[in-house]
Each structure stands twice: as C-alpha cells, then as structure tokens.
Amino acid sequence: MTRKIFFYNTLTKKKEEFAPLKEGEAGMYVCGITPYDYTHLGHGRCYVVFDAIRKFLKSAGYKVKFVQNFTDIDDKIIARAAEKNTDCLTLSGKFIDEYYTDIRRLGVDDADVSPKVSEHIDGIIEAVSKLMEKGFAYEIDGSVYYRIGKFPDYGKLSGRNTADIKPGARVEVDKEKESPLDFAVWKKSAEGEPGWDSPWGKGRPGWHIECSVMSAKYLGQTLDIHAGGQDLVFPHHENEIAQSEAITGKPFSRFWLHNGFVTINKEKMSKSLNNFFTLRDIYKKFSPQAVRFFLLSQHYRSPIDFSEDALSDAERTLERVNRAFEEKPQQDETGEARLSAEKIYEDFMSALADDFNTSAAFASFFALVKLFNQTKSSAVLKKAEDMDAILGFLKLEKKEKKLLISEDEIQRMIEKRIAAKKSRDYASADRIRQELLEKGVVIEDTPSGVKWRLK
RNA sequence: GGCGCGGUACCCAAGUGGCUAAGGGAGAAGUCUGCAAAACUUCCAUCCGUCGGUUCGAAUCCGACCCGUGCCUCCA
C-alpha cells in the first residue's frame with residue numbers, strides 16, 4: 001500500500017504528502033465537544049469529515065488510532081450546570097450521551113479512545129508544573145498562566161505575529177498578567193465551583209491544556225494528524241502548540257487539518273445570529289443519510305451552506321442511488337464490468353488522496369451507480385460497497401415515508417388495475433394509478449410484474 | 001487596523017497553465033411502455049466577478065477594482 005496521499009496542512013499552508021511517524025500507522029487526534037448542549041450541524045460536519053478521513057486512511061492501508069476528547073470541565077459547563085441546578089459531571093455526562101445518540105446516526109464510528117478532562121487531572125497538574133519549571137508559566141494568586149513571550153514560535157499555526165493581535169479589542173484584559181496574550185493553563189476555583197487540589201490551591205484546568213496532555217498520553221508527543229474545526233486554529237490550537245512544544249521540545253503535530261464552517265445564507269452558524277440547527281432538529285425533516293451525504297458532497301475545507309433546498313436535493317439524489325442498489329446483483333461476469341469498476345474505484349481513491357476531494361470522488365461514485373444500473377454486476381456492487389466503507393451513507397437511515405393507505409388496499413387496487421388493463425380498459429387503469437399516486441404510491445409496470453413504492 | 005477564504009450554467013459544486021470546463025439537482029428530447037414510472041441514451045457554460053497584464057496558450061499566474069464572507073472573543 002504505497003498510495004501517495006496529500007493533505008493541506010494548516011501549519012505550512014501547503015498541500016503536503018502525508019507521511020506518518022511510523023510506517024503504515026496513523027495517529028489522529030480530533031478536538032471533541034464541550035458537552036453542555038445538544039450537538040449541532042457544525043459539529044456534525046467536523047466529525048463526519050474526520051470520520052471519513054479516518055476510514056479513507058484505513059482503506060488506503062493504514063492502521064489508524066483515533067482519539068477524540070470530551071472537554072467536560074469548562075466555564076460554560078459550570079455556568080450551565082448552575083443554571084440547571086445540577087452538577088457539572090451530571091450535565092456533561094448527559095450531553096456526552098446525547099452526542100453519541102446524534103452522531104452515530106450519521107455513521108460516525110466511535111473513537112478508539114475518548115478521554116475526558118475530568119479523568120486526567122493528575123496529568124494536567126504534572127504538565128502545568130513542568131511548564132513552570134521550564135519558565136513557560138507563572139502563578140498569580142492560585143492561577144497559572146502561559147508566558148507567550150517565552151515561546152518565539154507563537155503564532156506559527158494561525159499565521160499571525162503577536163504584534164498584530166489586538167488584545168483587549170473585545171475581551172477584557174486581565175491587568176495582572178505579564179502580557180495580555182498570556183492564557184490560563186490552570187484556573188483558581190471560585191467559591192462553589194468544582195476544583196481539584198493542586199500545588200497552587202484548588203482549581204481546574206485552563207481550556208487548552210487538556211488536549212496537550214491527553215493527545216500525548218494516547219498518541220505520543222508528536223501526532224501524525226491533529227484536526228478540528230477552523231474556529232479552533234486560533235487560539236485553541238495555537239495555544240496547544242505553545243504548551244506541548246514547550247514541554248516536549250518536539251513538534252506537536254506533523255499535520256494540522258481543519259474543516260470549514262457550516263453557514264446559513266453564507267453566514268457562519270452562530271448562536272448570536274440565531275441560525276443554529278441541532279442534529280436532532282434536522283432529523284425531524286431530513287434523513288441522517290441525506291445529512292451525511294450533504295456534508296461530504298463539498299470539499300471539507302470550504303464553507304458549506306446549509307439550506308432546506310440543499311438537503312432536499314440530497315434526498316432526491318439518494319432516492320435514485322438507493323433504488324439502484326436495491327436491485328439484485330448478478331453473478332455472471334464478463335469481466336468487463338469488473339474492470340470498469342476497478343478503474344472507477346481507482347479514480348475515486350485518487351480524488352480522495354488529493355486533499356480528500358470528496359466532490360471529485362462523488363463523480364466516481366455516480367459513475368459506479370450508473371455502471372451498476374447498466375450491468376447489475378456483483379463486482380460493481382462490491383466496489384460501491386468499498387466506496388461506502390469511506391463515504392458511509394448507504395446503510396444509514398433513509399428518508400422516512402409514511403404509508404397513507406394499507407398494503408391490503410394497495411394490493412386490491414393493483415389487482416383491479418391489472419384486471420382493467422387485461423380488458424383494455426385503460427381509462428380505469430389510469431384512474432386507479434392516479435388514485436394511488438395521490439396517496440403517495442407509485443406504480444411501475446415492469447417486465448417482472450407490477451411493483452409499487454412510496455413516492 | 002492585521003491576517004485569511006471565496007466569486008464557475010437555473011441551483012449546488014469540482015477543476016487552478018494546454019485535448020470537447022467533472023459530478024449532482026432541476027429542465028428538454030429519444031429508447032422502452034397501451035400510457036406512465038424507473039432505467040438507459042442524448043442535450044443543457046465559445047465560457048469561468050470586472051478591467052488590464054504575463055504567455056505560443058489562462059477559469060487557472062500577476063496587478064487593480066467590485067462583491068460576499070471568516071478569524072483576530074467562547075465556538076466544530
């Protein structure tokens with residue numbers, strides 16, 4: 001398996017050939033959610049995209065270890081728990097469960113390891129101590145801050161230099177810090193807030209430190225791939241780099257992959273614009289199959305505009321795809337179909353190997369759908385399944401169709417229509433067909449008899 | 001103010017120096033059918049925001065401009 005794979009690396013701002021540290025093995029760390037609310041479509045995109053990339057690497061012959069964390073200690077969780085009169089771990093536990101419920105329906109496989117911050121406090125305290133020992137962090141009144149000035153590479157991921165950052169433009173500057181850009185790696189707990197004992201008193205981890213600690217624990221000090229949404233580039237990933245590289249003196253991650261936003265009317269989904277959609281709300285109108293298909297239909301780094309029309313298009317397309325693969329494949333091969341299918345599959349993999357170009361790969365997928373319709377070849381079907389091992393939407397929940405009429409009733413009408421056709425009473429036959437259509441039942445006269453399906 | 005991304009047919013969207021500008025949806029015609037449906041076949045951008053430039057050759061490179069949008073704040 002020596003297929004060359006290229007990914008656009010945010011760190012170098014170039015497409016680069018993917019080469020993991022260990023031949024044939026890839027370690028992937030994807031920043032997970034902060035579980036204080038329901039999973040939304042933006043999360044859905046991120047986790048579907050990196051799930052598909054994980055599956056692609058496997059199909060390309062890599063052994064993949066996939067780690068995705070839960071940041072279950074956080075200011076937003078504390079605030080929400082207080083609001084709901086519950087404790088943080090109960091709240092975060094609930095939303096972790098809800099996350100799994102919603103995301104699995106999109107065909108996203110569970111991570112190999114799903115570490116939680118609350119279970120890695122010792123490691124975090126150790127890391128903070130190390131940062132202090134090395135002079136990369138300092139304590140003020142029970143909180144510990146990272147000293148940006150000590151890390152000359154700061155800004156290398158997000159492409160900004162510290163002088164360009166306008167601190168205090170919109171966030172309040174803590175005057176006690178040495179530099180406004182310094183960020184907390186350990187936060188003192190206020191009265192009534194959850195906390196853990198530490199050399200600096202009772203406190204909790206700062207936002208970025210958990211990923212530095214947990215990724216190293218499960219994947220080693222240098223990751224092959226670190227991924228997440230584009231909004232994490234700054235400051236989250238920038239700060240992770242500062243922490244990890246200060247501690248280990250080694251490159252934190254070889255590849256940084258970031259997915260683009262989901263937008264609504266071209267604007268980023270955000271709570272302030274009130275244009276947020278949770279996955280479970282979307283499932284009320286659209287199938288998980290269509291959602292996954294939609295999310296993969298465009299290149300992962302571009303913004304993707306969510307709309308009902310776009311999802312309806314996806315449903316319509318899948319209608320055709322699903323219908324094709326409901327047909328029974330035929331074993332007898334001339335070999336010709338198999339060869340064509342292999343060629344198409346090769347194009348498919350090449351497209352994905354070029355910075356995971358799913359749009360181009362979809363063209364191959366549709367070529368295969370057509371080939372299957374033409375040949376019904378089992379070899380073609382096999383290749384479609386191979387593609388779906390990466391794309392992963394064929395077996396997901398399909399669009400729900402409601403039966404407005406009993407099956408018995410449908411059968412009765414079909415028989416009446418057959419009788420009408422036999423006696424060449426086409427007017428009656430067409431009238432029956434029209435009646436069924438109005439009830440959402442489509443009649444097809446095929447060589448193998450009359451078939452019906454829901455519209 | 002600093003740093004980015006994007007403008008390709010009715011809609012969505014690949015392509016980023018060179019045969020006829022992928023694919024999907026919608027639309028049109030044909031084959032099949034009593035008629036349909038499905039499927040298949042064919043058609044659907046002399047043209048890629050605008051204006052200049054480089055080049056034998058550009059949607060693809062360079063410059064200017066217009067428009068949209070993101071980050072610099074929590075965010076996938």
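Reminder, nothing fancy here: chain letters follow the sequence lines and each chain counts from 1.
Nearest-nucleotide assignment on RNA chain B puts the 5′-proximal partner with Ser158(A), out of Asp354(A) and Ser158(A). Map His43(A) and Tyr8(A) each onto its nearest nucleotide of RNA chain B; the residue landing nearer the 5' end is Tyr8(A).
As rounded to the nearest Å, C35(B) and C43(B) have C1' atoms that lie 25 Å from one another. G25(B) and A64(B): their P atoms are spaced 41 Å apart (whole Å). Rounded to whole Å, the separation between the P atoms of C44(B) and C10(B) comes to 14 Å. Nucleotides G27(B) and U16(B) have their C1' atoms positioned 30 Å apart, rounded to a whole Å. When the P atom is compared between C11(B) and U50(B), the two are found 15 Å apart, to the nearest whole Å. On the P atoms, G49(B) is 15 Å away from G15(B), given to the nearest whole Å. Nucleotides U60(B) and A14(B) place their C1' atoms 13 Å apart, quoted to the nearest Å. Nucleotides C66(B) and C51(B), compared at atom C1', are 10 Å apart to the nearest Å.
Residue Glu267(A) contributes atom CD, which lies 19 Å from atom P of G6(B) at whole-angstrom precision. Between the NZ atom of Lys266(A) and the C1' atom of G7(B) there is a distance of 9 Å, given to the nearest Å. Put simply, CG on Leu454(A) is 18 Å from P on A37(B), counting in whole angstrom units. For the pair Gln374(A) CD and U31(B) C1', the interatomic distance rounds to 14 Å; values are reported in whole Å. Spacing between atom CG of Asn322(A) and atom P of A39(B) amounts to 12 Å, rounded to whole angstrom units. The NZ-P distance, from Lys156(A) to C72(B), rounds to 21 Å in whole Å. Atoms CD1 (Ile414(A)) and P (A37(B)) sit 17 Å apart, rounded to a whole Å. For Asp313(A) and A13(B), the CG to P distance is 11 Å, given to the nearest whole Å.
Nucleic acid contact for Gly42(A): base, since at least one base atom lies under 4.0 Å from a heavy atom of the residue. Among the atoms of the strands shown, none is found under 4.0 Å from any heavy atom of Thr358(A). Base contact: Gly260(A) has a heavy atom under 4.0 Å from a base atom. Counting non-hydrogen atoms under 4.0 angstrom, His299(A) reaches the backbone sugars and phosphates but no base. Note on Ile443(A): a base of the nucleic acid sits closer than 4.0 angstrom, heavy atoms only. Across all strands, Arg316(A) comes closer than 4.0 Å only to sugar-phosphate atoms, never to a base (heavy-atom distances). Counting any heavy atom pair closer than 4.0 Å across all strands shown, Phe261(A) reaches a base atom. If you check every strand for non-hydrogen atoms under 4.0 Å, Lys451(A) touches nothing. Contact annotation for Arg433(A): base contact, defined as any heavy-atom pair under 4.0 Å involving a base atom. Counting any heavy atom pair closer than 4.0 Å across all strands shown, Val262(A) reaches a base atom. If you check every strand for non-hydrogen atoms under 4.0 Å, Lys76(A) touches sugar and phosphate atoms only.
Residue-to-nucleotide contacts include no donor-acceptor pair under 3.5 Å from the side chain of Asp231(A) to the base of C74(B).
Between Phe18(A) and Phe6(A), the distance from one ring center to the other does not fall under 6.0 angstrom. In this structure, Phe70(A) has its ring center closer than 6.0 angstrom to the ring center of Tyr99(A). Ring-centre distance between Phe277(A) and His40(A): not below the 6.0 Å cut-off.
When both distances must be under 3.5 Å, the Watson-Crick or G-U wobble mate of G57(B) does not exist. Shown here, C19(B) forms no base pair; nothing in the strands shown gives a Watson-Crick or G-U wobble contact with both key distances under 3.5 Å. U33(B) is unpaired under the criterion used here, namely a Watson-Crick or G-U wobble arrangement in which both key atom distances are under 3.5 Å. Under the Watson-Crick or G-U wobble criterion, with both distances below 3.5 Å, G1(B) is paired with C72(B). Base pairing annotation: C44(B) forms no Watson-Crick or G-U wobble pair, as no partner gives both donor-acceptor distances under 3.5 Å. Under the Watson-Crick and G-U wobble criteria, each requiring two contacts below 3.5 Å, nucleotide C10(B) is paired to G25(B).
Classification of Asp182(A) and Arg147(A) as a salt-bridged pair fails, no side-chain N sitting under 4.0 Å from a carboxylate O.
Side-chain nitrogen and oxygen atoms of Ser302(A) include at least one within less than 4.0 Å of the OP1 or OP2 phosphate oxygen of A14(B). Residue Arg301(A) has no polar side-chain atom (N or O) positioned under 4.0 Å from OP1 or OP2 of C5(B). Between G23(B) and Gln298(A), no contact under 4.0 Å exists linking OP1 or OP2 to a side-chain N or O. For Asn357(A) and A14(B), the shortest distance from a side-chain N or O to OP1 or OP2 is not below 4.0 Å.
Counting only N and O atoms by type, the side chains of Ser350(A) and Asp347(A) include no donor and acceptor under 3.5 Å apart. Looking only at atom types and distance, the side chain of Ser158(A) has a donor-acceptor partner in the side chain of Arg160(A) under 3.5 Å away. Under 3.5 Å, the side chains of Asn69(A) and Tyr29(A) contain a donor-acceptor pair of N or O atoms. Between the side chains of His208(A) and His237(A), no donor-acceptor pair is found at a separation under 3.5 Å. Looking at Gln434(A) and Glu438(A), their side chains do bring a donor and an acceptor atom within 3.5 Å of each other. Residues Ser287(A) and Glu315(A) have side chains that bring a donor and an acceptor to within less than 3.5 angstrom of each other.
Of the candidate nucleotides G23(B), G24(B), G2(B), G2(B) has the atom nearest to the side chain of Arg160(A). Proximity note for Phe366(A) (side chain, C-beta onward) versus C35(B), A76(B), G24(B): the nearest is G24(B). When distances run from any side-chain atom of Arg320(A) to the nucleotides A76(B), G24(B), A38(B), the shortest one goes to G24(B). The nucleotide whose nearest atom lies closest to any side-chain atom of Glu444(A) is, among C40(B), A38(B), A76(B), A38(B). The side chain of Lys370(A) has C40(B) as its nearest neighbour among C71(B), C40(B), A38(B). Considering only side-chain atoms of Val442(A), the nucleotide from A37(B), G34(B), G24(B) that sits closest is A37(B). Taking the side chain of Asp430(A) as heavy atoms from C-beta on, and the options A76(B), G25(B), G34(B), the nearest nucleotide is G34(B).
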